Structure formats: structure tokens, C-alpha cells
Amino acid sequence: MSPAVSPLTAVGGAVIDAVPPAVKEWAIALFGTSDKVALLVGMAVVIAALAALAGVLEYRRRFAGAAVIVVFGLTGVAAVLTRQQATPGAVVVPVLVAVAAVILLRLLMGRLHSWPQKVAYAGEAGPPRRSFLQLLAGGAAATAAGGVLAAVWRGAAAVVNDARQQLQLPAAGSAAPAIPSGAEVGLGGMEPLVTPNVDFYRIDTALTVPAIDPAKWVLRVTGLVAEEIELTFAELLAKPLVERHVTIACVSNEVGGDLIGNARWLGWPVRELLALARPQPDADMVLSKSTDGWTAGTPLEVLTDSRDAMLAVGMNGEPLPLEHGFPVRLVVPGLYGYVSATKWLTELKVTRFADDVAYWTPRGWSDHGPIKTSSRIDVPRNGRTVTAGMVMLGGVAWAQHTGIGKVELRVNRGDWQDAELAPGISVDTWYQWTCGIELTPGQYEVQVRATDLKGKAQAEERRPVAPDGATGFHTITVDVKP
Ligand SMILES: Nc1nc2c(c(=O)[nH]1)N[C@H]1C(S)=C(S)[C@@H](COP(=O)(O)O)O[C@H]1N2
Ligand SMILES: [Mo]
């Protein structure tokens, strides 16, 4: 079962889709990955204020407060209806909540109106208590509304969580190549070479994580194909699956940032599905769609060449976590997530860049998003104090689907010196590196630069994340104490 869209998240989702890219950028910069929490908290504050207003108005004039609730309820209905993942049943929630809130408001008002006489006998002043009670009435209505929403949501999510827990994923026909010894350098303070699911970065526009019952999941291949295809989850699991380590990254990852992670993904190569559908010669893009209406546009050639682009069902040995796209997502080596890594996948529309635009394209981001070669210093952290002598530095470098050939460091803009590059798992993953540098007491600037296996060094020019990924050298300062 698919969860009903709650009015709160529907309004939030509508806000997310409607705000200009600049505002969205600002919110992400200000709140980081807590941007959704900030939005929900902001909305809760607005709702509480509206509830208080309804209480005060209703006290002054019968049905004036109820009118506020009805208007708010209609806003909820409108927001739910404009969300693409809305089911007809979703409309019931804001209507029920509004009706419950109006009844509650009338009930409490009735009590409140008979109260002042009683307290007057007791010799107490009416007004302060009255406004307190008005607030209470509003607050109670808001709480009731929130409770109903939470219950509806939790019920749906629990069903899907159970289904996920009971799922037994088949073994891969083609197992992940073994991790070469020495790939994990084992320097304290480094991030693990394979990112645990719980620590894996999460980026999406979904305010509540879609909860999709795998038994009802279907993937449709549509558009410019000789044969349209429908694939169930059981059919997908019966295909010969491959397991590969792939490092995925977000286009919003700043130089030195942590919106990147490396996992072992289990899935069916997309090229095999597309081979069955037989794309027409004029097609050049696959628009992948999520249940929540989000879309990504991926070059057709990247999904049909020999790389391990897959319909992923497993992440590090377990079914995809709900936040990472359960039951099925796309993973495409070499491309930023916003043009490739669709979570909660439901459709692959074979189309043309000239005919279709994906979610982020009209919002200030490039329609093509190959990952830019980059590198990061993780040890020591920026601004850390270390002891003079041989200082061990370490970090990661990535150039997905080309591979890293060299990592170099320079101190105070001096000569570049080679770091020790650990063997990579594959060209589709990040590589760890270490470098020991003799440092005497003082303050130093250290920079890192990666060069891919084709001999191309990462760009030095500092550029922002929009429209197609940040460039520049990760630069840290190190305080060296005697
Ligand atoms: N349905 C859906 N899929 C999505 C997104 C989204 O907003 N909605 N965001 C994409 C982006 S921008 C990135 S970087 C990756 C992040 O995947 P993760 O959250 O599993 O790390 O998911 C991609 N898939
Ligand atoms: Mo992203």
C-alpha cells in the first residue's frame, strides 16, 4: 500500500517545488540537510498561529474561526491534489482533519462561553483566563489534526517496513570484485572505504519517505521504444543480478563536502532491460520517474554502454533502506545523482533531451551532469592542531568511470608532491590516499589535486555547485605545535 499524502507534507512539497532555485539554494546552505526539518518546523509554527487565530476569532464571532479552518483545509486539499503521488483517498485526510477541528473548536467554544460567569463569581478577572483558554482551544485543534496525520502516515510506513524486513534478496549471479588489499588505508580519522547505510548521505525532495509495497511495485518502460515493458518486483529479482561497488555523489557537494558515499549495490543492468524494449534510433535520453513525481534525465548511451548502470534493489547486503529508494532505484556510475540516481523508481521513459526536461533542469541546473574529478583531505581536519615532525595526511579522490591515476599535495602553494595512492576497488569508486609530510611548528595551507587515469587533472578554478558541480582544490589549514 502506498501511504496517503498528508496535507502537511503536501503543502511542504508544494512549497519546495514552487520556491525559486535561489531560495532553495539559500535554505539548503542555511539548514544543510536539515532543510526539510526547518520547513516542517516553520509550517508547524504557522499552523499553531492559525489555530490560535481561529480560537480568538471564533470567540468573538460564531463560525469566524471555523471559516479559518475551512480555508486552511481547502488549501490542504488543493496541495494534496497538485502532488503527483496523490491518491484519491489522500483528499479524505485534510477534509476529516478540518471537520474534526471545526467540531472540536465549537465544542471548546461552548465550554468557554459558559465559563466567564462562573469565574466571575469566584472573584477572578475574566480576560487573561479567557485568552489562555482560546489558545488552549486552538492548540487542541492543531494537536488533534497532527495526531490524525501521524497515525495515517505511520500505519502505511509500518506495512512497508515489515515487507522490507521479510525480503530475502537473491545472491548476485555476478558478485562484486573483491576489495584489493590495501584499498582501505586504515589511517585514524578516515571515512570507511565502503560507507555504512546509516551514514550514507541522503538528498531528495521527498518530505516524507515514500513507502512502496514491493508486491505492488511495477516498473514501466515507455516512450520511444519498439516494445513497452512492465516489470514486477518478483520478475526483477529473478533476473541475473550483478553486485558492484559504486561511489555516488551529489552535484551540490561543495569542494571538501560530504555529499558523496560508496556502497555495494545489487541490481539488474539497465542495458539488459533497454535491450528488451529496443529504443528507437532518434532517442537520446531516459527520463526516469519516481512515485513522488521527481524525475531525472540520463543520456541513453550511458545506460546502454558497458558500465554497470543498474536497477538497484540491494545496498551493502540488504534491501535498499526506505530513504535510499526502496524497493528499486537507479545507480549509474559516473553521473551526479540528480541526472541518474532516481529513488522509488516507477517508470523509464525513453525520450529525447529536446522533448523532455527533468526535475532540476528548469531550476538552474545543467541537463547533463557527469561527475567532476575531485579530491578531499580528511586527515587532519581543517584547522586541526598536530604535532611537529612527520604529519600523516589522508583522504579520498574520485573520477567515476575513468579512475584515479595520481593524487598530489602542496604546502603553502609550493611544489606538488605525490601522495601514496591506494588501489581502488574499481574505476567507479573513490580511492583512498595518504601522504606523510615533514612539518616544523607554524601554520600551513595544504591543498590536494587529483588526476584521472586519462591524465586529466581536476580543475583548479573555484566554481560553485550550480549549474553542474563545484570545482577547485580542497584547501585546509594545519596548525603545527612543537
Ligand atoms: N525520487 C527521487 N530520487 C532522487 C532524488 C530526489 O529528490 N527524488 N534526488 C537525487 C539526488 S540529487 C541525489 S544526489 C541522489 C542521492 O541519493 P541518496 O539519498 O541515496 O544518497 O538521489 C537522487 N534521486
Ligand atoms: Mo544531488
Side-chain angles (χ1 to χ4, degrees), residues 1-5 9-10 13 16-17 80-90 156-157 159-161 163-164 167 202-225 227-239 241 265-274 276-277 279 283 285-298 300 303 309-315 319-332 335 337-351 356-361:
M1 123 180 225
S2 200
V5 178
T9 55
I16 288 182
D17 286 349
V80 165
L81 285 179
T82 55
R83 302 307 291 165
Q84 286 164 355
Q85 77 270 39
T87 51
V159 170
V160 173
N161 259 316
R164 176 180 179 276
L167 192 66
R202 176 188 164 201
I203 291 288
D204 53 63
T205 59
L207 265 182
T208 49
V209 178
I212 303 163
D213 184 344
K216 297 200 180 127
W217 179 86
V218 195
L219 176 67
R220 291 186 176 80
V221 184
T222 62
L224 305 174
V225 289
E227 189 117 22
E228 293 208 342
I229 293 179
E230 284 199 2
L231 186 76
T232 66
F233 192 63
E235 286 166 344
L236 174 57
L237 292 190
K239 301 289 184 189
L241 305 183
W265 307 95
L266 174 72
W268 188 41
V270 187
R271 64 172 176 278
E272 292 182 22
L273 174 63
L274 289 174
L276 296 177
M285 185 243 253
V286 172
L287 189 76
S288 50
K289 302 187 188 178
S290 156
T291 40
D292 64 356
W294 190 87
T295 53
T298 311
L300 180 62
L303 297 177
M310 59 172 116
L311 299 160
V313 294
M315 183 178 184
L320 293 177
L322 264 57
E323 320 75 85
H324 295 292
F326 183 82
V328 182
R329 75 175 302 170
L330 277 177
V331 171
V332 182
L335 302 189
Y338 83 108
V339 290
S340 70
T342 304
K343 304 191 273 190
W344 315 294
L345 183 70
T346 57
E347 185 183 336
L348 296 177
K349 180 186 179 192
V350 178
T351 178
D356 269 300
V357 283
Y359 183 88
W360 284 110
T361 307

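This structure is a prediction, so every number in the text was calculated from the model and none was measured.
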- Quick one: CG on Leu303 to OG on Ser288, what's the gap to the nearest 0.5 Å? 8.0 Å
- Query: Between Lys343 (side chain) and Ser290 (backbone), is there a donor-acceptor pair under 3.5 Å?
  - Reply: no
- How far does CZ of Phe326 sit from CG of Asn161, to the nearest 0.5 angstrom? 8.5 Å
- Report the distance from atom OG1 of Thr205 to atom CH2 of Trp294, rounding to the nearest 0.5 Å. 7.5 Å
- Message: Could you walk me through whether Glu347 and Arg220 satisfy the salt bridge (charged side-chain N to carboxylate O under 4.0 Å, His left out) test, starting with their C-alpha distance in whole Å, then the side-chain angles of each, then the deciding distance to 0.1 Å, before giving a yes or no?
- Response: CA-CA 5 Å; Glu347 185 183 336; Arg220 291 186 176 80; over 6 Å; no
- Heavy-atom pair of closest approach, residues Ala358 and Gly297: CB-N, 3.3 Å
- Query: Do Arg329 and Val313 have side-chain heavy atoms sitting under 4.5 Å apart?
  - Reply: no
- Query: Is it true that a side-chain atom of Thr232 and a backbone atom of Val218 form a donor plus acceptor pair closer than 3.5 Å?
  - Reply: no
- Does the side chain of Trp268 come within less than 4.5 Å of Met310's, by heavy atoms? no
- Message: Any non-hydrogen side-chain atom of Val339 less than 4.5 Å from a side-chain atom of Tyr359?
- Response: no
- Query: Backbone N or O of Leu322 within a donor-acceptor pair of the Trp344 side chain at under 3.5 Å?
  - Reply: yes
- Task: Indicate the atoms forming the closest heavy-atom contact of Leu330 with Ser340, along with that distance.
- Result: CB-O, 3.1 Å
- Message: Within this structure, what is the CG-OG1 distance for the pair Leu287 and Thr295, rounded to the nearest 0.5 Å?
- Response: 5.0 Å
- Query: Between atom CD1 of Ile229 and atom OG1 of Thr222, what is the distance when rounded to the nearest 0.5 Å?
  - Reply: 11.0 Å
- Distance in Å, Lys239 NZ paired with Glu272 CD, rounded so as to fall on 0.5 Å steps: 8.5 Å
- Query: Can you name the nearest heavy-atom pair linking Ala283 to Leu300, along with the distance?
  - Reply: O-CD2, 3.6 Å
